[in-house]
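First comes the structure, then the notes that go with it.
The structure presented is a predicted model; accordingly, all values stated were derived computationally and were not measured. In the text below, chain A, chain B and the rest are named by the order of the sequence lines, each starting its count at 1.
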Amino acid sequence: MAELSSKEQKKLEKLATMRHSMAHVMAAGVLKLFPEAKIAIGPAIENGFYYDFDLPRSLSEEDLEVISENMKGIIRENHPIEREEVSRAKALELFADQPYKVELINELPEDEVISLYHLGDFTDLCRGPHVEDTSRLNPQAFKLLSIAGAYWRGDEKRPMLQRIYATAFGDPKLLKEHLDHLEELKKRDHRRIGKEQDLFSLHEDAGPGLVYWHPKGGRMRVAVENFWREEHYKNGYEIVFTPHVGKSWLWETSGHLDFYKESMYNPMEMDKSDYYCKPMNCPFHIMIYNEGKKSYRDLPCRWAELGTVYRYEKSGTLHGLTRVRGFTQDDAHIICTPDQMDGEITEVLRFSLYMLKSFGFDNISAYLSTRPEGKCVGDVSDWESAQEALKKAIEKEGLEYGIDEGGGAFYGPKIDLKVKDSMGREWQLSTIQFDFNLPERFNMTFVDTDGREKRPFMVHRAQLGSLDRFFGVMIENYGGAFPVWLSPVQAQVIPVGHNFDDYADGVWKKLRAAGIRAEKDLGDDRMNAKIREAQTQKIPYMFVLGANEQEEGKVSIRTRTGEQINGLTLDEAIALVQEKIAAKAMP
RNA sequence: GCCUCUGUAGCUCAGUCGGUAGAGCACAUCCAUGGUAAGGAUGGGGUCAUCGGUUCAAAUCCGUUCGGAGGCUCCA
């Protein structure tokens, strides 16, 4: 959330005004095509605008063409856009055949000024502001993008309207830039790259939203998991493993069956008990904690698990790796005494930031969510000290942060960390979350210095969130051109011709022995085709070997960036690759 | 879940007015022995997602079911 200068702020406002006016033009264009259309709302949004309509039939791509032409016509007719303030009664009369507008008017507060904007013979209820006339709109710099269903006021019990999404800029060049950006996003789509690089798949027939990691994706995941485990041990965590299913009393005790049941897979009955697939790992970690009496000397417990959980997400929300039904959380629970809390929070935040930065996410912001109004568990004083600890930790790291007052869950305050990726999109990955509920429900205790049993603090945290989702985000962030340490194939060995297959095979074996993920391409293709193949696979290093290399026992490297490094001994080449791996660098 | 679009070879897609299916890539075999982004030839491969209906005849038209894609209050 970088602060915008007032000049930039003004520019954005101007753009939003222009887009909002464009939305009116679109509504006018739709009414030309469907005079009986009922219009709903049409705001400017981040990269454009939309307008919702209730139409006699569903829109097609061809309709967008017609509407688009209508809009160009309206703009060229050069209408003024004029404001008029009217009484409530007049407004209701004017929009008598527009039920959505009537609803809006009736909901406006008593003292609100009701304003209309006229654009030719189109009049819309609108707060404004707008551009003075349509000459301020560029007929070459907008594009209708898509048709989507949208519930009136986002309420699934209300009618489904048709929404037209569009984008608009002041200048056709900027429109083109934006469209190119959308094109680039498509190219980086992790579902596409996952297929191209043979990383993972999903199978509708075997269960929607369940991920299959192929060998190449598996290599990447092992690289990430190994790094993750090493860092957790270095940072004072223990790693635990817990079952995938548990009896119903666990979920009754945790409250999941009361509040979370519809997101859980149905139970399976075994020996007259119901077993549920876990949607979260917490109750299992608590089982470990509650095994034996704990002393203050045992605390803090920092227990991490790459725990695979199952959640029954609605079918319409599933999306590639980023929204799935079975996924592996990089979960941890920190159980500590009240005295230890401040230090633990500081550390967990520092560690999380380090983790995200290791994957090239340098643009990180924090969001603190505090105690909601109404029913919460836990003492108010505990909430306050927890919130204070979270805030201090954020400030100590010098992070930009926002506060979502009252945005916490009923069981505790939290920090969410969001990263901005290379395409400027924000993703929420890490979360650090207090829980005043489960320690109570599971009667977790520790014996303090005074010999009395007390309630420990418990904090949930995930750094990458879900490994599956994180991979989706990471693939798109890198656009499939991974740093060397993550690349599924780090080096591709390519002989110039079959005469050098043996030499290539020897080099390949040594690369593998040195711990480098190397492949050899001894197929019948010409070298050019092999290079092209390695290049499209975005393999960081190509070892191209022929007579020149064989005679001197050396190697020549082509990087995927097109750089040529010739005349290295194999040992030098191995050292070069290993250095880049260790540095988590690009080739 | 709901709305719109959509489902044809492993992948990307074409298939006109309803007349029983095609391309490129990939794969296999052979030829070619090659120096930094696709050498050539031949061949195998499809219950046109599913179930049902209309029809002399369905990939094509209609309905069902199951998937996939884009959306579903950044407030008149």
Mark yes or no: Arg163(A) above the aromatic ring of Tyr50(A), with NZ or CZ under 6.0 Å from the six-membered ring centre and no more than 45 degrees from the axis.
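So Arg163(A) does make the cation-pi contact.
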With a distance cut-off below 6.0 Å to the six-membered ring centre and an angular limit of 45° from the axis, does Arg19(A) pair with Phe169(A) as a cation-pi contact?
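So Arg19(A) does make the cation-pi contact.
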For a quick check of understanding: with a heavy-atom distance under 4.0 Å over all strands, which category does [X] fall into, base, sugar-phosphate or nothing?
{"X": "Glu112(A)", "value": "base"}
{"X": "Tyr165(A)", "value": "sugar-phosphate"}
{"X": "Leu108(A)", "value": "base"}
{"X": "Lys101(A)", "value": "sugar-phosphate"}
{"X": "Arg163(A)", "value": "sugar-phosphate"}

Are the side chain of Arg325(A) and the backbone of Gly209(A) linked by a donor-acceptor contact shorter than 3.5 Å?
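No; zero donor-acceptor contacts below 3.5 Å.
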Annotated protein contacts, base or backbone, on nucleotides 23-36 of chain B with a non-hydrogen cut-off under 4.0 Å, one of B, S, - each
---------BBBBB
So for atom NZ, which belongs to Lys38(A), do other residues, nucleotides or ligands contribute more than 12 heavy atoms lying within a distance under 6.0 Å?
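Counting neighbours around NZ of Lys38(A), more than 12 heavy atoms of other residues, nucleotides or ligands fall under 6.0 Å, so yes.
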In this structure, how many angstroms lie between the P atom of C75(B) and the CZ atom of Arg127(A), rounded?
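Atom-to-atom, Arg127(A) to C75(B), this comes out as 8 Å.
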Is the distance from OP1 or OP2 of [N] to the nearest side-chain N or O of [X] less than 4.0 Å?
{"X": "Arg191(A)", "N": "A69(B)", "value": "yes"}
{"X": "His319(A)", "N": "G70(B)", "value": "yes"}
{"X": "Tyr151(A)", "N": "C75(B)", "value": "no"}

Mind checking the P distance from C56(B) to G15(B)? Whole angstroms is fine.
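That atom pair is separated by 28 Å.
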If I pick the C1' atom on G22(B) and the same atom on U8(B), what distance separates them, to the nearest angstrom?
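Nearest-Å result for U8(B) against G22(B) at atom C1': 10 Å.
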